[in-house]
Amino acid sequence: MYDHKEIEGRWQKRWRADKVYQTSEDTTKEKCYSLVMFPYPSGDGLHIGHARIYIGADIYARMRRMQGYRVLHPMGWDAFGLPAEGYALKQGKHPQETTEQNVANFKQQCQQLGLAYDWEREINTTDPAYYKWTQWIFLQLYKKGLAYESHAPVNWCPSCKTGLANEDLSGGKCERCDSAVERKPLRQWVLRITDYADQLLDDLETLEGWSESVKEVQRHWIGRQEGFVIPFVVPSAGATIEVFTTRPDTLFGCSYIALSPESGYVETLLPHCTNREAVEEYRREQYIAKADETVSSGMVLEGIFAKHPITGDSVPVYVAGYVLGGYGTGAVFAVPAHDERDHAFAQIHGLPITQVVSGDDHLPAVEIAASSVLINSGKYDGTPCEEAKKILTEAAGGKPEVVYRLQDWVFSRQRYWGEPIPLIHCEQCGVVPVPEEDLPVELPEVDSYEPTGTGESPLAAITEWVSVTCPQCKGAGKRETNTMPQWAGSSWYHLRYIDPGNTTALVDKEKERQWMPVDMYTGGMEHAARHLIYARFWHKVLRDSGAVSTSEPYATLRTVGIVQAEGGGKMSKRSGNVVDPLAIAEYIGVDAVRVYLAHIAPFAQTVAWDSKGVAGPRRFLERVYALREKVGAGNADKAVTRLRHKTILSVTADITAYRFNTAVATLMIFANALGDIETVPQEEYRVLVRLLAPFAPYLADELWHALGNETSVHTAPFPEADAAAAQEETVTIAVQVQGKTRGTVTVPRGSEQEAVLSTVQEDERLRDYTNGLTVKVFVKDKIVSFV
RNA sequence: GCCGGAGUGGCGGAACUGGUAUACGCGCACGACUUAAAAUCGUGUACCUCUGGUAUGCGGGUUCGACUCCCGCCUCCGGCACCA
């Protein structure tokens, strides 16, 4: 038994002292930027999911370093945001203090896991030297007109007491605390991410190293939809309602107009309707509990009628809960015969249901058949639907329009623990950006940082911080008191690692070109529609302002599968089934935990923890350790040498493709083969130890030194194979009769059909089977098939 | 409902562009060592009516040959969900 604790402690110290994992500046080497999604350092420490991500990326980065790449493999802390602040509140401490504690703990745990990070490049989003540049990027956005102030209703979490972006919701609830979210009009800063919607969508096609599933999530999140806008005039109010539709062909089936409760049109029309109070009351209700409202909810605007743009008929106008404020124009024309929601609404409110498309009589008939034509549509009767879309749009004075599901990014939080938004409100000059030379705007020390719930950040109460001189007119000004969301710091951190100490620029241009883009980005699928869209957006803005040279930040993306609790299901503190990777490592060693996580399943696949299964990897490492005593002079026989070359080839290919599970299996086969021979030739063992090094870095270095090496195995060259030497001299080929395998024959590699057939004849059983049959197919070195 | 992914031994999984299904590991059984147990090592381990036959979620198809390709279903997991 090897003493894993002793070995781990010794090598950790040694690696640090020898700076084994320092990033190489040798630009003659090919670069490899391997990045992991940095964690929010919670009070619970690293969990098994972190470990699986970091270990996978670590195996890859370690192999690349040994292969002679110039590897950048850094780590940092995403320490601003609601969870950090919430944790500090619970502890009754300042978030600064708890963040420092948690970071220290995480860092120690990362080091224990043997992760080969270059700690000289460690970053922390809460460090003023870091968030100076987060604020700087915000100013660039502001100056480009990509940040704007809005008073529109936002998602408000009554428990977190802050406004949230769409991306912060999950099923209409707060992603953090699961509270039902209300709609609340609030002054806020919003980023114009929709300006980049097309680029974010189109450039997905260039990301060959991304899985289709992540790209699909992003495509859907962006939700580009081509349709039409049609104007409906409301003569009594002197207003025009523009509705968005993908089905202008159904215009003759319009029974009413439905407006979102949040729609500006409601505002415009209110003074002209006779039931103003009731409508306002209804809107208020809708703002609060929107989640489970049915299609039926709605209220007519009495006295208001829109003019049908083709027939000229008067159409009633409703405010309806089912119409979204943030999609299209916030107004739709309703066709109860051909839309399920409109149909349900019309039935409840007693509105006409007129079928205008031929086909299915069972209403609402939603699908358009290729043969569908218009009916009940005046002179347009008989026109095929697709054609009618254009014709009716034109007749109605409408035009084509593209809309997106993606909405602008609500960027202010009414909380303390975040980057202050670097703007000043001046009575004379309006909104004035903080001059770049005055950055960072540091978060002030406070006694109480609890959220207020008033829609204002706790910073608003700190008068001495809020009151400033206007940089423009030198008059009295007030600081913006909202802070940025947690997503801000993580939207550009990949650039900071490249040049962590820079005080004069976001990133040095030369260095940026030396490292970007990130070659291998490893993390969780949960960020597919959040962090990964935000980071791509900021990166494109930075490209447009010349700060970065690439259009996309992450060339290849690898997402990890979830580690479930023993027997399946989610790990949770409540169920008491949380597996702590470091606690396991206490008794079986870090190397065994690493090998276990690598071997258990394909990296991207969900897998359940198996407490019995972890013994296997330790046994394997024990066998490798025991082999050192059998190492001696001499050469291996041909079979072993061939296996060595085959092993090198497949382990290298597997790690490159993140197939760690099969890489481990291959290593086990090789190690088991060495276990079967009397004296293990040194050459074979040297290869085994180096192939093992990315997986079991501690034991590998121990064994490497036992072989007489002075420097770390992690700076040794990764073994290379001779493809020819990996070739078998003989092959076993299958003999099939009518497609069934009846046996095999072993022949020299490359044997022709005649030679194979004569070998078949030598086998009594196969001879009987194949007697009188003809060869249908012969594939060299693979099969011979008789019929 | 829509989109994406996956169904292979008792379990996690392997099988590259169609070519010997079940690698590797866990578990289990038996054996060795031991006073005994643990640990370790060795052997075996898809199923059956076993000279053969049947098995990769189910039903078809293409092929000399299908886990792999095509058509139609079922189940599970993940994401989005009043998107006009």
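Convention: sequence-line order gives letters A, B, ...; per-chain numbering from 1. Keep in mind the model is a prediction, meaning the values are calculated, not measured.
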Proximity to the side chain of [X] - top-ranked nucleotide from [options]:
{"X": "A:Gln225", "options": "B:G19, B:A15, B:A84", "result": "B:A84"}
{"X": "A:Met668", "options": "B:A84, B:C24, B:G13", "result": "B:C24"}
{"X": "A:Arg530", "options": "B:U20, B:C80, B:A84", "result": "B:C80"}
{"X": "A:Val217", "options": "B:C64, B:G52, B:G79", "result": "B:G79"}
{"X": "A:His220", "options": "B:G65, B:C24, B:C80", "result": "B:C80"}
{"X": "A:Trp221", "options": "B:C80, B:C64, B:G27", "result": "B:C80"}
{"X": "A:Lys776", "options": "B:C64, B:A21, B:A23", "result": "B:C64"}
{"X": "A:Gln736", "options": "B:A21, B:A84, B:G19", "result": "B:G19"}
{"X": "A:Ala601", "options": "B:G4, B:G52, B:G13", "result": "B:G13"}

Assign [X] to base, sugar-phosphate, or nothing according to its heavy-atom contacts below 4.0 angstrom with the strands shown.
{"X": "A:Thr744", "value": "base"}
{"X": "A:Arg623", "value": "sugar-phosphate"}
{"X": "A:Phe670", "value": "nothing"}
{"X": "A:Pro617", "value": "nothing"}
{"X": "A:Glu212", "value": "nothing"}
{"X": "A:Thr732", "value": "base"}
{"X": "A:Arg618", "value": "nothing"}

Considering Watson-Crick and G-U wobble pairs with both distances under 3.5 Å, what does [N] pair with?
{"N": "B:A32", "result": "B:U40"}
{"N": "B:C47", "result": "B:G53"}
{"N": "B:G7", "result": "B:C74"}

In whole angstrom, give the distance that lies between atom OH of A:Tyr596 and atom P of B:C26. 12 Å

On a whole-Å scale, what distance lies between the C1' atoms belonging to B:G10 and B:U17? 34 Å

Between B:A23 and B:G18 - P atom distance, rounded Å: 23 Å

With syn defined as a glycosidic angle within 90 degrees of 0 and anti as anything else, the base of B:G7 is anti

In terms of side-chain geometry, is the basic nitrogen of A:Glu208 or A:Lys215 positioned less than 4.0 Å from the acidic oxygen of its partner? no

Nearest nucleotide by nearest heavy atom, which residue falls closer to the 5' end of RNA chain B, A:Ala665 or A:Phe786? A:Ala665

If you measure only the distance, is there a donor-acceptor pair under 3.5 Å linking the side chains of A:Glu242 and A:Thr329? no

For residues A:Asn166 and A:Asn155, is any side-chain donor paired with an opposing acceptor at under 3.5 Å? yes

With A:Thr666, which of A:Leu649, A:Leu691, A:Thr647 fulfils side-chain contact (heavy atoms from CB on, under 4.5 Å)? A:Thr647

Is the distance between the ring centroids of A:Phe345 and A:Tyr256 under 6.0 Å? yes

Distance criterion of 3.5 Å, no angle test: do you see the side chain of A:Gln738 paired donor-to-acceptor with the base of B:G65? no

Go through A:Tyr322 and A:Ser260 one step at a time and tell me if the side-chain contact (heavy atoms from CB on, under 4.5 Å) criterion holds. CA-CA 7 Å; A:Tyr322 73 91; A:Ser260 163; over 6 Å; no

